[in-house]
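To start, the structure under review is shown below, and the notes come after it.
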Amino acid sequence: MQSPKAFVFTAHGAKMPAIGYGTMELPHRPAELVAAAIAAGYRHIDTARKYGTEERVGEGIRASGIARNELFVTTKVTEENAREADFLRSAETSLKALGLDYVDLLLVHWPQPKVSFGETLGALAKAKRTGLARHIGVSNFTLDMLEEAVRVCPEPLVTNQVEYHAYLPQDRMLAALRRHGMILTAYCPVARGKLLDDPVVGDIGQARGKTQAQICLRWLIQQSMVAAVPRALEETHIIENLDVFDFSLSEEEMRRISALRSRNIRIANPPERAPSWDVETVS
Ligand SMILES: NC(=O)c1ccc[n+]([C@@H]2O[C@H](COP(=O)([O-])OP(=O)(O)OC[C@H]3O[C@@H](n4cnc5c(N)ncnc54)[C@H](OP(=O)(O)O)[C@@H]3O)[C@@H](O)[C@H]2O)c1
């Protein structure tokens, strides 16, 4: 049996717990849900300025009574704030909203084609150097954007947070991130529920005595340097999503789930801000 400690991924000094609690759209009792997640054992919380949940996340953290240094908290700066002064102001606003002195990870939420990467990534690095964030990274960057970001950013990037689940291949992105010693943080890790009715996932779950969501999450984190940030409102789901460290999928099971990639379903694709995504060859 593997310990959850084996599932803290390290990148450029950042220690990211493999399963985080996603906080986009928590319509009811958000602070209680965050506190419940921490009580269940989550040590990684994913929020963003855009989600409007930072205040409630902060409340939940305080209500949980957890020591600050035991938590890994991520937030993100929106693409409207890609210019240096706006970017740093947004990061400071996030800290105020969260009631924290620093975040563990600050991300550029979406690429902004109207502002040079040099300026945005420079501001991101400044947020780290001035202590607003311990570590930095990007989100929704394509392969070319990732290469440019790594090249122009004066501080190391620890992750690209992108949509990743068994219905969406990310082979080239994973290879690029591993080459840079970075983590892929998978959002929509259960494809917003679409994967939970999949017969292959169901079969494997039945054989293993695990739920479909647990199989999907285990498939992700069992790949090297892949973390996942599922969001759940049901407390039973919150608890079960963290209970994925006491079993392993066989190579054959991993392959069967990976074969679902031919569905090639992308969920988060807002036309006003999504870049032109890389095309993966799917067999
Ligand atoms: N960087 C970005 O641009 C970006 C974009 C999208 C999302 N994200 C991050 O990723 C997080 C998760 O993404 P997401 O919410 O879009 O998708 P998701 O986590 O794949 O799906 C959430 C849905 O799955 C259900 N679910 C979760 N665990 C379950 C379980 N054990 N059993 C049954 N159903 C379960 C939830 O149901 P219940 O609510 O009923 O429990 C909810 O309806 C977000 O909260 C956010 O932090 C980031």
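Nothing fancy with the numbering, it's 1 onward along the sequence. Atoms within each ligand, like the ligands themselves, are counted from 1 in listed order.
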Tell me which part of [X] gets within contact of ligand 1: side chain, backbone, both or neither, using heavy atoms under 4.0 Å.
| X | value |
| --- | --- |
| Met24 | both |
| Ala232 | both |
| His165 | neither |
| Asn241 | side chain |
| Pro189 | both |
| Leu107 | neither |
| Cys188 | both |

Worksheet item: Linking I/L/V/M/F/W/Y whenever any side-chain heavy atoms sit under 4.5 Å apart, do Leu132 and Leu106 land together?
Response: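 Linked, Leu132 and Leu106 end up in one cluster.
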Practice prompt. Flag yes if Leu184 and Trp110 sit in one hydrophobic cluster, no otherwise; membership is Ile, Leu, Val, Met, Phe, Trp, Tyr, and two members link when side-chain heavy atoms are under 4.5 Å apart.
Written response: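 Different clusters.
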Going by the order shown, which atoms of ligand 1 are within less than 4.0 Å of some heavy atom of [X]?
| X | result |
| --- | --- |
| Pro230 | 19 (O) |
| Glu240 | 30 (C), 31 (N), 32 (N) |
| Val229 | 10 (O), 11 (C), 12 (C) |
| Leu196 | 33 (C), 34 (N), 35 (C) |
| Ser139 | 1 (N), 2 (C) |
| His109 | 1 (N), 2 (C), 3 (O) |

Item to complete: Check Asp46, Thr47, Asn140 against Lys76 for a side-chain hydrogen bond (donor to acceptor under 3.5 Å, both in side chains) and give me the one that passes.
Response: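 For Lys76, the side-chain hydrogen bond (donor to acceptor under 3.5 Å, both in side chains) test succeeds with only one of Asp46, Thr47, Asn140, which is Asp46.
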Report the nearest protein non-hydrogen atom to [atom]: residue, atom name, distance rounded to 0.1 Å.
| atom | answer |
| --- | --- |
| atom 27 (C) of ligand 1 | Arg231 O, 3.3 Å |
| atom 38 (P) of ligand 1 | Leu233 N, 3.5 Å |
| atom 2 (C) of ligand 1 | Tyr187 CE2, 3.2 Å |
| atom 16 (O) of ligand 1 | Arg192 NE, 2.6 Å |

Candidate with minimal heavy-atom separation from [atom], of [options]:
| atom | options | answer |
| --- | --- | --- |
| atom 8 (N) of ligand 1 | Tyr51, Tyr21, Tyr164 | Tyr51 |
| atom 32 (N) of ligand 1 | Lys50, Arg273, His237 | His237 |
| atom 3 (O) of ligand 1 | Thr78, Asp46, Thr74, Asn140 | Asn140 |

Discussion item. Taking the cut-offs as 6.0 angstrom to the six-membered ring centre and 45 degrees off its axis, would you call Arg266 and Tyr167 a cation-pi pair?
Written reply: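 No, Arg266 does not sit over the ring of Tyr167.
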Item to complete: Kindly confirm or rule out a cation-pi arrangement of Arg134 over Tyr102, judged by NZ or CZ under 6.0 Å from the six-membered ring centre and within 45° of its axis?
Response: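 Yes, Arg134 sits over the ring of Tyr102.
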Main-chain N/O of [Y] paired with [X] side-chain donor or acceptor, under 3.5 Å:
| X | Y | answer |
| --- | --- | --- |
| Ser64 | Ala35 | no |
| Arg172 | Val279 | yes |
| Gln212 | Val201 | no |
| His165 | Leu220 | no |

Worksheet item: Judged by modelled atom types alone, do Thr78 and Glu80 share a side-chain donor-acceptor pair under 3.5 Å?
Response: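 Result is yes, a qualifying pair exists.
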Practice prompt. Report yes if the distance between the aromatic ring centroids of His109 and Phe141 is under 6.0 Å, otherwise no.
Written response: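 No, too far apart.
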Worksheet entry | Charged N-O contact under 4.0 Å between Glu59 and Arg62 |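 Result for this pair is no, no salt bridge flagged.
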Item to complete: For a side chain to side chain contact (heavy atoms under 4.5 Å, CB included) with Leu71, tell me which candidate from Leu100, Val103, Ile61 qualifies.
Response: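 Exactly one candidate clears the test, Ile61.
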Are any of the N/O atoms in [X] less than 3.5 Å from those in ligand 1?
| X | result |
| --- | --- |
| Ala268 | no |
| Val190 | yes |
| Lys76 | no |
| Thr211 | no |

Discussion item. Using the rule given for ring pair (Phe, Tyr, Trp, His ring centres under 6.0 Å), can you reason through Tyr164 versus Tyr187, listing the C-alpha separation, both sets of side-chain angles and the distance that settles it, and then say yes or no?
Written reply: CA-CA 6 Å; Tyr164 186 36; Tyr187 73 67; over 10 Å; no
Discussion item. So for Trp110, does at least one of its heavy atoms come nearer than 4.0 angstrom to any atom of ligand 1?
Written reply: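 The answer is yes, since Trp110 has a heavy atom less than 4.0 Å from ligand 1.
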Practice prompt. Might you work through the side-chain contact (heavy atoms from CB on, under 4.5 Å) test for Phe247 and Ile215, ending with a clear yes or no?
Written response: CA-CA 10 Å; Phe247 74 111; Ile215 299 297; 3.9 Å; yes
